[in-house]
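Naming: A, B, ... by sequence-line order, numbering from 1 per chain.
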Amino acid sequence: MSQQQTETAAPAIDEVSRRNGRLAAYTERFGSPFNITTFGKTHEASVVKAKYEALAPGEKTTDHISVAGRVMAIRNNGMFIVILDDSDRLQIFHDLKTLSPEHAEKLDLIDLGDIIGVTGIVRRTPRGEITVDAVELSLLSKALEPPPEKFHGLKDVDFRFRHREQDLVASQRTRDTLRARFKMITLIRQFLNDKGFLEVETPMLHVLAGGATAKPFTTHHNALDMPLYMRVATELHLKRLVIGGISEKVYEIGRCFRNEGTSPRHNPEFTSIELYQAFVDFREMIAITEAIVHHVVLSLHGTSKIKFAEHEIDFTPPWPRRGMVDLIKEHTGLDLYAIPDAAAARAAALKIGVQTESGVSWGQVVEAAFGDKVEHNLVQPTHVIDLPKEISPLAKAWPDRPHVAQRFETYVNGWEIANAFSELNDPREQRARFEEQAEQKRGPDDPPHPIDEDFLKAMAFGMPPMGGMGMGIDRLAMLMTDSQTIREVIAFPTMRPVD
RNA sequence: GACCUCGUAGCUCAGCCGGUAGAGCAUCUGACUUUUAAUCAGGGGGUCGCGGGUUCAAAUCCCGCCGAGGUCACCA
């Protein structure tokens with residue numbers, strides 16, 4: 001073999017093949033990392049850093065500890081390795097001059113992204129970094145794919161959502177955001193459990209998708225040869241559980257599915273919490289809504305005020321209660337209470353730039369005007385009360401104000417985050433409302449609303465007066481994490497497949 | 001569903017008044033060795049989203065498709 005041939009550059013090899021080669025070499029020499037089932041980890045990275053916080057630069061201990069995590073950086077030919085576990089980063093040191101040949105061989109086969117376990121001695125380097133001087137090194141799992149770029153991380157939004165595991169490894173922000181979202185759900189559970197609520201489960205597969213006016217996903221049960229719908233809300237079954245007396249206070253945190261457009265605030269599947277409490281009305285729901293949200297804000301941020309985009313939002317209860325029609329008047333000058341006729345109200349709304357379909361009810365005009373002219377202004381937490389009965393088919397109306405429902409919607413940052421009412425419990429009235437709703441078609445291609453006879457039969461069995469509230473967990477998570485899109489707070493948002 | 005914008009190396013990006021593709025990180029080789037996005041020298045790596053058109057020549061211009069982001073519509 002000539003001198004020139006030995007100096008020829010290494011043949012081109014792709015990253016995966018190269019890593020497979022190193023895996024084979026490691027396996028040959030030390031056994032397959034994939035045969036390893038356990039590692040006796042004694043410390044989390046953050047615990048190591050906290051425990052040895054008092055060490056002075058250059059100070060060494062004699063404490064042996066074992067840590068494990070993903071290799072995030074390799075500097076100085078492996079002299080310094082930075083690993084990341086679920087708590088923090090931690091630096092590992094190898095003195096290359098005194099390393100045993102076997103240990104050096106192992107070290108040489110470690111790549112960025114590998115999962116390693118290290119046993120060693122804690123010290124603080126002269127430059128100030130808490131470090132583990134490695135005595136033993138084990139490859140616990142091989143990364144055959146390389147990690148994202150170490151400084152810029154993953155920027156491609158599409159790729160980040162399709163491969164959240166890589167996004168999580170690369171981005172502290174993503175870890176913080178998703179952890180906050182999941183912790184928030186636990187906080188709400190604990191809060192309600194402490195208040196005596198029973199967490200329940202209701203079906204996701206519905207024969208009729210009721211409880212909200214939304215387009216459902218359809219599916220099919222083969223053995224029963226029948227169509228089924230993914231639930232759009234948990235409302236009707238939760239009420240049936242309270243009717244049966246399983247508990248006077250129930251809640252469900254769960255996924256709902258709506259076959260509608262996506263947007264920065266809409267994902268086809270989203271998580272709602274709905275809760276129902278017997279013998280109280282919407283006013284108690286206002287109190288519990290404020291209490292839940294304030295508890296979450298305080299627990300996650302340690303303060304009642306949070307930053308969202310350019311706003312500071314103050315969640316200190318109580319939050320203002322404002323009439324929907326009053327707010328429209330305040331923002332546009334139009335007093336829809338003075339125009340009770342639907343057609344006249346529609347014409348008046350048109351003059352202020354609010355367009356509605358012909359034949360809509362007075363309540364739908366109010367809803368449209370509110371949505372166009374008021375909603376986006378409600379940045380600080382606000383309960384919008386006195387919603388029209390016509391757009392509240394499951395809510396009680398006021399006996400002395402028959403066109404106004406005992407209902408509120410809570411708005412923050414211009415978004416509806418909660419919706420609650422004194423639940424209608426008169427089965428005759430409920431049937432009439434459903435029938436009225438069934439006659440209204442949502443759009444030219446939409447089927448009419450089906451009437452849920454099972455629910456009506458349940459209500460006829462005797463439903464206690466109760467308050468109910470529903471809240472969008474995803475939007476609350478967006479607020480808590482200063483996330484501008486719902487996809488940031490959903491671990492795996494719905495995506496079209498790439499080819 | 002409509003409109004606007006984007007899609008270049010594994011990752012982050014430049015090139016886009018048409019002339020045949022570049023940088024940093026990663027990777028490989030070598031040097032150095034208490035680093036902190038380590039450093040220095042050199043090498044390899046690209047169907048420029050896919051398909052078609054215009055042209056002597058297309059990453060670049062035009063059309064269609066796919067995917068994404070934004071705005072709107074629907075909605076929570």
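Look at B/C50: its Watson-Crick or wobble partner, with both distances under 3.5 angstrom, is B/G64. With both pairing distances under 3.5 Å, B/A2 is matched to B/U71 as a Watson-Crick or G-U wobble pair. Look at B/U29: its Watson-Crick or wobble partner, with both distances under 3.5 angstrom, is B/A41. With a 3.5 Å ceiling on both atom-pair distances, B/U20 lacks any Watson-Crick or G-U wobble partner.
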Side-chain donor-acceptor pairs under 3.5 Å in residues 486-494 of chain A, sequence neighbours left out?
from: A/R487; atom 1: NH2; to: A/T494; atom 2: O; distance (Å): 2.9
from: A/E488; atom 1: OE1; to: A/R160; atom 2: NH2; distance (Å): 2.8
from: A/E488; atom 1: OE2; to: A/R160; atom 2: NH1; distance (Å): 3.1
from: A/E488; atom 1: OE2; to: A/R160; atom 2: NH2; distance (Å): 3.3

Check residues 48-57 of chain A and write down every donor-acceptor pair under 3.5 Å in which the side-chain atom is one partner and the other belongs to a residue at least two apart or another chain.
from: A/K49; atom 1: NZ; to: A/R89; atom 2: O; distance (Å): 2.9
from: A/Y52; atom 1: OH; to: A/D63; atom 2: OD2; distance (Å): 2.6

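With P as the reference atom, B/G45 and B/C28 are 16 Å apart, rounded to whole Å. Taking atom P in both B/G42 and B/A58, one finds a spacing of 34 Å when rounded to whole Å. Between the P atoms of B/G51 and B/C66, the separation comes to 15 Å (whole Å). For the P atom pair drawn from B/A41 and B/C6, the interatomic distance equals 36 Å after rounding to whole Å. Taking atom C1' in both B/G69 and B/G22, one finds a spacing of 26 Å when rounded to whole Å. The same atom, P, is picked in B/G49 and in B/G43; the two are 27 Å apart, to the nearest Å.
Across the protein-nucleic acid pair, A/E145 atom CD and B/U27 atom P stand 15 Å apart, rounded to whole Å. Atom CG of A/L112 is separated from atom C1' of B/G10 by 12 Å (rounded to the nearest Å). When rounded to the nearest whole Å, the span between CE of A/M72 and P of B/C11 equals 16 Å.
The aromatic rings of A/F408 and A/F282 are tilted relative to each other, their planes meeting at an angle between 30° and 60°. By the 30° and 60° cut-offs, the orientation of the rings of A/Y251 relative to A/F197 is perpendicular. Using cut-offs of 30° and 60° on the angle between ring planes, the pair A/H237 and A/H206 is tilted.
Atom CD of residue A/E201 and atom CG of residue A/L238 lie 11.0 Å apart, to the nearest 0.5 angstrom.
Stacking annotation: A/F270 is stacked on the base of B/A76 (ring centroids less than 5.5 angstrom apart, interplanar angle below 30 degrees).
Judged by closest nucleotide on RNA chain B, A/R487 is the one of A/R487 and A/N419 placed further toward the 5' end. Take the nearest nucleotide of RNA chain B for A/R19 and for A/P146: the residue whose nucleotide is more 5' is A/P146.
You'll find that the side chain of A/T125 is closest to B/U34, out of B/C74, B/U34, B/C11. Relative to the side chain of A/P264, the nucleotides B/U34, B/G70, B/C74 differ in distance, and B/G70 lies closest.
When atom types are taken as modelled, the side chain of A/Y411 and the backbone of A/E375 share no donor-acceptor pair closer than 3.5 angstrom. With hydrogens and angles disregarded, no donor-acceptor distance shorter than 3.5 Å links the side chain of A/D114 to the backbone of A/I116.
Non-hydrogen atoms lying under 4.0 Å from RNA chain B are contributed by nothing in residues 370-389 of chain A.
With hydrogens and angles left out, the side chain of A/N77 and the base of B/U33 share a donor-acceptor pair within 3.5 Å.
Residue A/K150 places at least one side-chain N or O under 4.0 Å from the OP1 or OP2 atom of B/A26. Close to B/C28, at under 4.0 Å from its OP1 or OP2, lies a side-chain N or O of A/R22.
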